[in-house]
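Naming: A, B, ... by sequence-line order, numbering from 1 per chain. Worth knowing before you read on, the calculation uses all heavy atoms, side chains too, and leaves out hydrogens, waters and symmetry mates. As the structure is a prediction and not an experimental result, all values here were calculated from the model.
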Amino acid sequence: MSEPSTTPDTRPVRVRMAPSPTGPLHIGTARTSLYNYLFARHVGGTYVLRIEDTDQARSTAEYESDIIDNLHWLGITWDEGPQVAGGDDRGEDGPYRQSQRWDLYALEAQRLLDAGLAYHCWCTPDELDEVRRQQERDHQPPRYNGRCLNLTDADRAALEAEGRKPALRFRVPAEKVTFDDLIRGEVEFDNSLLGDFVIVRADGVPLYHFVVVVDDEAMLISHVIRGEDHLSNTPKHIALIRALGYTEPRFGHIPLILNSDRSKMSKRKSQTAITAYREQGYLPEAMVNFLAFLGWSPGTEEEIFTLEELAARFDIGHVHKAGAIFDQDRLDYLNGVYIRHLTDEQLALRLRPFLPSALDDSSVLRVVPLVKERLVRLADAVELVAFLTETDDEVASRYDPEQLVPKGRSAADAARALELAVAVLSPLTDDDFAADVLESRCRNAAEEAGWKPGDFFRPLRVAVTGRTVSPPLFGSMELLGRDRTLARLEAALRRLGALEGSPA
RNA sequence: GCCCCCAUCGUCUAGAGGCCUAGGACGCCACCCUUUCAAGGUGGAGAUCACCGGUUCGAAUCCGGUUGGGGGCACCA
């Protein structure tokens, strides 16, 4: 087994995140980005963002924007790459989109070809498929059989004459490869099991395993921190690094985020797009805190950390080896914690985009104290305050005698409670219509009627909000205002009256 | 199939040979508070540290094997 020609650790710390814009920012990519960010910030290194868009057929500008926007949303910033700090591309080693770096790849591919370390391959997909199937039948590792390695010049000329374009295959040295993973320690692979792999497609497009190695060298990356799904690909990269005479970076493979069935987290089984969580009103602070703890902990019992605190504490050596299931309940809990930590003004600002524009800014601010302790996600506020923007008729259409009437009471009882409420509230002016006044009047009325407050309030709540679950009743009435509150109480009363008039 | 990685309550985790009759948090259950729902408070159930062997005076922690799970093996990334 051969040793790398250059020692790692001689470079200043530079890490990179290399998302592929073939889909919206994925939870797993976000977490890998976060760990790279924390690692870089912890040691004062440089963080590079590189867009891996060699697969032009699947990459789109929309996905690239989604990835960049959501990374920004999470608070993750990079020193070099596209839209640094939300502005222009910046950095000395750009461009930072692989689709703009093809000259470099072509040059490096030619070097390998000239040195005899790579060769043209004319095999068709069908032929390769057949070989693979045969190998499976023979219980052999599926790998390229080296057919085009032994072509004569005449063979080659004949194939070229047919007008066929060759792919370029890397000639993998049959040797054992060892590396010291930052998280897993010493790992050994036998590259003789690998088979020569394609590094440039027949149409001239360079492939991932090749470009990742070329770019990491060109961008002087010192530590490659990525998902465990790349662990088995690392020996390929190391073989390429050696063939090209590059410096071998340190590798660190972080555990995967898992579906509840412990398979790699996927769109099929989980919600994987960061955007989706953002749209439901998860806070970026909660998301970051949650993601950081999926595979890492500071080794104490503290669990609420800001991004800055995480960067100060983060230690790659404490990252777990085993995968972690994405636990929605825990995310929900953390999100609630972060929502409650916000000031009313901050929460109002965050809630603004989720609430209807019919609710003006000052109303949003007034609504905050009523909903703050009840929110898991920001979007939950929509249903909680819907009674404010719904018309009286819309609310009335929700009235259901089952809900209007408290357990163990009759419709007549419920009507009586509504009548009493109207009686004690209607004398109030609009200015006097404040929660504490409303509450004391209604409590007195309940007491005089011999009702438990909870039972008495039930028909009022349903009348005013159209729902059995609502923000605190009297604060809700205050926000609604005198006239609308009374109109709804009376509408509910009519509903109950109609009920009594009809046969049970 | 081949190669590699992994293994502490349902889940996220603490644990770096004695501090562990295994701690915290989420979730769950009960009670308290209470105008609904939440939030908050108190308490509880929940892990023979996957299994088997070894090393050691002593192992959740070190070693080997077994089992189970996962990942990778593309002219995708």
Nearest-angstrom distance from the residue atom CD of A:Q56 to C1' of B:rC75 = 15 Å
Same-atom distance (C1') from B:rU35 to B:rG44, integer angstrom | 29 Å
B:rC62 pairs with, by Watson-Crick or G-U criteria that keep both distances under 3.5 Å | B:rG54
Could you check A:V212 against A:D216 for side chain to side chain contact (heavy atoms under 4.5 Å, CB included), going step by step and ending with a plain yes or no?
-> CA-CA 6 Å; A:V212 74; A:D216 283 344; 3.8 Å; yes
Verify the neighbour count for atom CD of A:E162: are there more than 12 heavy atoms of other residues, nucleotides or ligands below 6.0 Å?
-> yes
Would you please confirm or rule out a distance under 4.0 Å between OP1 or OP2 of B:rC76 and any side-chain N or O of A:R201?
-> yes
Could you give the distance separating B:rU56 and B:rG18 at their C1' atoms, to the nearest angstrom?
-> 12 Å
Roughly how far apart, to the nearest Å, are B:rG58 and B:rA39 at atom P?
-> 49 Å
Taking the six-membered ring for Trp and the single ring otherwise, decide whether the centroids of A:H209 and A:H237 are under 6.0 Å apart.
-> yes
Which whole-number value in Å describes the distance from A:K264 NZ to B:rG71 C1'?
-> 7 Å
Closest to the 5' end of RNA chain B, once A:Y333 and A:T468 are matched to their nearest nucleotides, is A:Y333
Identify the nucleotide, in any strand shown, that forms a Watson-Crick or G-U wobble pair with B:rA7, with both distances under 3.5 Å; if there is none, say none.
-> B:rU67
Looking across every strand, which nucleic acid part, if any, lies under 4.0 Å from A:P471 by heavy atom: base, sugar-phosphate, or nothing?
-> base
For A:Q98 and B:rC76, what is the distance between atoms CD and P respectively, to the nearest whole Å?
-> 14 Å
Quick one: is B:rU36 close enough that its OP1 or OP2 comes under 4.0 Å of any side-chain N or O from A:R467?
-> no
Write down the partner of B:rG1 under the Watson-Crick or G-U wobble criteria, each distance required to be under 3.5 Å.
-> B:rC73
Proximity to the side chain of A:H318 - top-ranked nucleotide from B:rG71, B:rA16, B:rA39 | B:rA16
Out of B:rU35, B:rC3, B:rC76, minimum distance to the side chain of A:L193 belongs to B:rC3
Name the nucleic acid region contacted by A:L128, choosing base, sugar-phosphate or nothing; use a 4.0 angstrom heavy-atom cut-off, strictly under.
-> base
Indicate whether OP1 or OP2 belonging to B:rA77 is found under 4.0 Å from a side-chain N or O atom of A:Y208.
-> no
Do the side chain of A:S232 and the base of B:rG71 come within less than 3.5 angstrom through a donor-acceptor pair of N or O atoms?
-> yes
Rounded C1' spacing from B:rC51 to B:rA45 in Å = 26 Å
Counting any heavy atom closer than 4.0 Å, what does A:S20 reach on the DNA or RNA strands: base, sugar-phosphate only, or nothing?
-> sugar-phosphate
Can a salt bridge be assigned to the pair A:R143 and A:D196 using a cut-off of 4.0 Å between side-chain N and carboxylate O?
-> no
Atom CG of A:D327 and atom C1' of B:rC9 are separated, to the nearest Å, by 13 Å
When only distance counts, do a donor and an acceptor, one from the side chain of A:R458 and one from the base of B:rU36, lie under 3.5 Å apart?
-> no
Is there a side-chain polar atom (N or O) of A:S260 under 4.0 Å from OP1 or OP2 of B:rU11?
-> no
Of all the choices, B:rC2, B:rC12, B:rG71, which nucleotide is nearest to the side chain of A:D229 once you look at every atom?
-> B:rG71
Whole angstrom value for the distance that separates C1' of B:rG10 from CG of A:D261 = 15 Å
A:R31 NZ/CZ over A:Y35 ring centroid, <6.0 Å and within 45° of normal | yes
Using a cut-off of 4.0 Å on non-hydrogen atoms, how would the nucleic acid contact of A:C442 be classed: base, sugar-phosphate, or nothing?
-> nothing
Select base, sugar-phosphate, or nothing to describe what A:V376 touches, counting heavy atoms under 4.0 Å on all strands.
-> nothing
Which part of the nucleic acid, if any, lies within contact of A:R143, taking any heavy atom under 4.0 Å across all strands shown: a base, the sugar-phosphate backbone alone, or nothing?
-> nothing
Nearest-Å distance, NZ (A:K236) to C1' (B:rG71)?
-> 13 Å
Nearest-Å distance once atom C1' is located in both B:rA47 and B:rA14 | 14 Å
A:H253 vs A:F251 aromatic rings, parallel, tilted or perpendicular, using cut-offs 30° and 60°?
-> parallel
Tell me what A:A167 touches on the nucleic acid: a base, only sugar-phosphate, or nothing, going by heavy atoms under 4.0 Å.
-> base
Is the distance from OP1 or OP2 of B:rA7 to the nearest side-chain N or O of A:R262 less than 4.0 Å?
-> no
Selected nucleotide, minimal atom distance to A:A324 side chain, candidates B:rG72, B:rG15, B:rC12 = B:rC12
Which nucleotide, B:rC75, B:rU35, B:rG71, lies nearest any side-chain atom of A:E439?
-> B:rU35
With distance as the sole criterion, do the side chain of A:R184 and the base of B:rC5 form a donor-acceptor contact below 3.5 Å?
-> no
On the ring face of A:F197, is A:K236 found with NZ or CZ under 6.0 Å from the centre and within 45° of the axis?
-> yes
Are the ring centres of A:F290 and A:F326 closer than 6.0 Å?
-> yes
Atom CG of A:N335 and atom P of B:rC26 are separated, to the nearest Å, by 15 Å
So what does A:P255 hit on the nucleic acid, given a heavy-atom distance under 4.0 Å: a base, only sugar-phosphate, or nothing?
-> nothing
N or O in side chain of A:S297 less than 4.0 angstrom from B:rA14 OP1/OP2 = yes
Could you check whether A:G295 gets within reach of a base, just the sugar-phosphate, or nothing at all, counting any heavy atom under 4.0 Å?
-> sugar-phosphate
A:R132 side chain: which of B:rG23, B:rA74, B:rA77 is closest?
-> B:rA74
Scan A:T465 against the nucleic acid and name what it touches under 4.0 Å (heavy atoms): base, sugar-phosphate only, or nothing.
-> nothing
Please figure out whether A:D190 or A:V337 has its closest RNA chain B nucleotide nearer the 5' end.
-> A:D190
Output the single nucleotide from B:rC76, B:rC3, B:rU36 whose closest atom is nearest the side chain of A:R58.
-> B:rC76
Considering only atom C1', compute the distance from B:rC9 to B:rA77 and round it to an integer number of Å.
-> 37 Å
In whole angstrom, give me the gap between the C1' atoms of B:rG17 and B:rA25.
-> 27 Å
Assigned partner base of B:rA45, Watson-Crick or wobble definition, under 3.5 Å = none
Taking NZ, NE, NH1 and NH2 as the nitrogens, is one of them in A:R97 or A:E52 under 4.0 Å from a carboxylate oxygen of the other?
-> no
State which of B:rU35, B:rU36, B:rU13 makes the closest approach to the side chain of A:R374.
-> B:rU36
Would you tell me if any nitrogen or oxygen in the side chain of A:H320 comes within less than 4.0 Å of OP1 or OP2 on B:rA14?
-> yes
Cationic N near anionic O, under 4.0 Å, A:E127 to A:R147 = yes
note: A:L231, atom CG; B:rC6, atom P; distance rounded to Å ~ 8 Å
Nucleotide of B:rC76, B:rA38, B:rC6 approaching A:L207 most closely (side-chain heavy atoms) | B:rC76
Out of B:rC12, B:rG71, B:rC76, which has the shortest distance to the side chain of A:R330?
-> B:rC12
Contact class for A:F474 vs. all strands (heavy atom < 4.0 Å): base, sugar-phosphate, or nothing?
-> base
